[in-house]
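Sequential numbering from 1 along the given sequence is applied to the chain's residues. Just so you know, these numbers use all the heavy atoms, side chains as well, and skip hydrogens, waters and symmetry mates. Just follow the structure's listing: the first ligand is 1, and inside any ligand the first atom is 1.
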Amino acid sequence: MDSVLVKGGRVLNGEVEASGAKNSALPLMFATLLAEGDHVFHNTPRLKDIQSTCELLNLFGCQTQHDGHLLKIKVNKLKTREAHYDVVRKMRASILCLGPLIAKYGEAHVSLPGGCAIGTRPIDLHLEAIKALGAEIRMENGYVVAHAKKLKGANVLFETTTVGGTENILMAACLAEGETRIENAAKEPEIVDLANYLIKMGAKIKGAGTSIITVEGVSTLKPAEHEIIADRIEAGTLLIAGAITGGEVTVKKCRPDHLPALIEKMREAGFKISQEATTMTVHKCSSWSGVDVTTAPHPAFPTDLQAQFMALMTQADGTSVITETIFENRFMHVQELVRLGADITPKTRVAVVRGKKGCLQGAPVMATDLRASASLVIAGLVASGETQVNRIYHLDRGYERLEDKLNGLGASVIRKNT
Ligand code: EPZ
């Protein structure tokens with residue numbers, strides 16, 4: 001099983017580039033099902049989840065080609081409209097094929113994704129929204145079976161803001177008859193990126209990035225070409241990695257305007273962060289204060305940076321109260337950070353971090369999910385001695401060559417097959 005060995009005590013300095021956004025690439029890849037022909041995506045990150053999505057699209061009968069960061073998807077007449085359990089259980093975002101399949105082909109047979117380490121991850125809001133557009137949905141042997149002669153535009157109000165739910169209904173509404181109004185829509189930059197691509201395909205969408213999105217259905221869409229936005233979570237992870245070692249790190253090819261809450265919290269803690277349109281720099285800082293953070297939908301502090309920021313707070317002067325409001329079980333990294341010597345008291349949705357510089361000592365730890373694994377690597381950068389992070393396959397789902405990027409800044413992160 002793969003692991004990485006992180007040598008502590010090295011200061012990171014220099015420049016590093018962010019890759020394309022995983023959480024934008026995935027919905028974009030499913031959006032291609034809405035239009036036969038050749039779709040082209042630039043700045044596509046090389047990640048396990050992208051590979052899994054290519055495998056699923058190939059099973060549908062598409063042809064995918066991912067060379068470097070250029071991804072070509074040729075959508076032909078589909079061979080099947082079934083997303084099999086074996087694929088969906090590995091990559092929950094496969095549920096995003098539901099909206100495009102039902103809108104374009106009038107049927108979909110998609111395995112329920114099941115839960116994951118950070119929570120039960122239900123899809124009830126996705127299904128209610130698709131039903132509101134007139135689809136008949138039933139559950140059969142762990143699969144969502146959906147049928148619709150023709151989707152009809154409707155008003156959809158999400159009781160909880162859901163990124164995936166907004167994406168599924170946004171894609172389905174593009175080919176529905178009439179207007180769809182989505183209220184309490186997610187406002188993440190990845191939603192805007194998806195809407196921009198759908199508009200290039202011929203969709204009529206207004207309000208993406210706000211909580212009210214309206215879609216005027218059209219009869220057909222056509223393939224297009226698109227540059228995927230930078231990965232704000234990877235960029236934030238790299239900035240925190242530089243910050244925790246006290247170095248000066250510039251992240252290039254990123255979008256600081258997509259990370260307002262992280263930048264604000266790092267400044268509140270005492271870091272000097274400078275930013276331009278596509279770069280941001282954390283400047284050398286030898287000590288910082290504990291600050292309180294509550295995760296919430298964009299533009300508030302992203303849940304996907306909670307674990308990484310917690311690692312940073314273990315080295316702060318003072319206490320930080322971290323509240324996770326999005327997922328019910330996203331403190332799996334806490335016990336592993338405690339194993340390294342951090343002083344953290346987790347409750348159900350709140351963790352109290354009592355920071356102390358130099359409190360971490362290298363030890364073997366276990367990655368449990370994608371962002372927890374990044375948090376443990378970041379902690380290893382400042383733990384004395386060596387930290388072995390096991391089950392590192394989690395990292396490969398969402399970070400492109402993270403160890404190379406960190407080593408390029410002066411870290412020593414060595415991958416091992418154990
Ligand atoms: C997306 O997941 C991201 N994944 C997650 O990133 C991210 O953490 C999450 O949004 C929140 O920002 C992708 O974009 C592929 P949600 P998603 O629907 O869409 C509840 C990472 O590390 N909910 O916004 O699954 C849900 O349980 C991953 O890159 C329902 O109750 O998240 C959660 O509490 C992890 N019913 C809340 O809403 C539903 O039908 C927000 O989930 C759907 C969601």
For atom 27 (O) of ligand 1, which of Gly165, Ala296, Pro122 has the closest heavy atom?
Pro122

Is it the case that over 12 heavy atoms from other parts of the model lie below 6.0 angstrom from the OH atom of Tyr85?
no

Which atoms of ligand 1 sit under 4.0 Å from any heavy atom of Asp304?
5 (C), 6 (O), 7 (C), 8 (O), 21 (C), 22 (O), 28 (C), 29 (O), 35 (C)

Are any of the N/O atoms on Val163, whether in the backbone or the side chain, positioned under 3.5 angstrom from an N/O atom of ligand 1?
yes

A student comparing Asp231, Leu370, Thr325, Leu125 should find that the heavy atom closest to atom 40 (O) of ligand 1 comes from Leu125

What about Thr303: any of its N or O atoms under 3.5 Å from an N or O on ligand 1?
no

Taking atom 38 (O) of ligand 1 as the reference point, the nearest protein heavy atom with its distance
Thr160 CG2, 3.8 Å

May I ask you to check whether over 12 heavy atoms, not counting those of Glu328, lie within 6.0 Å of atom CD?
yes

Which ligand 1 atoms does Arg121 reach within 4.0 Å, using its non-hydrogen atoms?
2 (O), 17 (P), 25 (O)

May I ask you to identify the nearest protein heavy atom to atom 3 (C) of ligand 1, giving residue, atom name and distance to one decimal place in Å?
Asn23 ND2, 3.7 Å

Under the ring pair (Phe, Tyr, Trp, His ring centres under 6.0 Å) test, which residues partner Phe309, sequence neighbours left out?
Phe301

What I want to know is whether Ile326 and ligand 1 share at least one N or O pair that is separated by under 3.5 angstrom.
yes

Fit a plane to each ring of His39 and Tyr197, take the angle between them on a 0 to 90° scale, and name the class: parallel (under 30°), tilted (30 to 60°) or perpendicular (over 60°).
tilted

Are any of the N/O atoms in Thr162 less than 3.5 Å from those in ligand 1?
yes

Using a 3.5 Å cut-off on N or O atoms only, is Glu188 in polar contact with ligand 1?
no

Closest non-hydrogen atom pair between Lys79 and Gly61, with its separation:
CE-CA, 3.8 Å

Quick one: look up the protein heavy atom nearest atom 26 (C) of ligand 1 and list residue, atom name and how far away it is.
Phe327 CE2, 4.2 Å

Compute the minimum heavy-atom distance from Arg330 to ligand 1 and say whether it is under 4.0 Å.
yes

Checking heavy atoms under 4.0 Å, the part of Asp124 that sits near ligand 1 is both

Considering only heavy atoms, does Lys22 approach ligand 1 within less than 4.0 Å through its side chain, its backbone, both, or neither?
side chain

N/O to N/O below 3.5 Å, does that happen between Arg92 and ligand 1?
no

Mark up the atoms of ligand 1 that fall under 4.0 Å of a heavy atom belonging to Gly164, in ascending order.
18 (O), 19 (O)

Does the side chain of Thr295 pick up a donor-acceptor pair with the side chain of Arg330 at under 3.5 Å?
no

Heavy-atom protein contact below 4.0 Å for atom 20 (C) of ligand 1
no

Give the contacting part of Arg371 toward ligand 1: side chain, backbone, both or neither, where contact means a heavy-atom distance below 4.0 Å.
side chain

Neighbour count above 12 (heavy atom, 6.0 Å) for Glu140 CD:
yes

Would you call Glu190-Arg232 a salt bridge at under 4.0 Å N-O?
yes

Chi angles and distances behind the side chain to side chain donor-acceptor pair (under 3.5 Å) call for His69, Glu400:
CA-CA 11 Å; His69 294 115; Glu400 182 177 317; 2.7 Å; yes

Is the closest side-chain donor-acceptor distance between His258 and Glu188 under 3.5 Å?
no

Inspect the contact between Glu324 and Arg349 and indicate whether a charged nitrogen and a carboxylate oxygen are less than 4.0 angstrom apart.
no

Per the salt bridge (Lys or Arg N to Asp or Glu O under 4.0 Å) rule, which among Arg415, Lys48, Lys22, Arg391 passes with Asp396?
Arg415

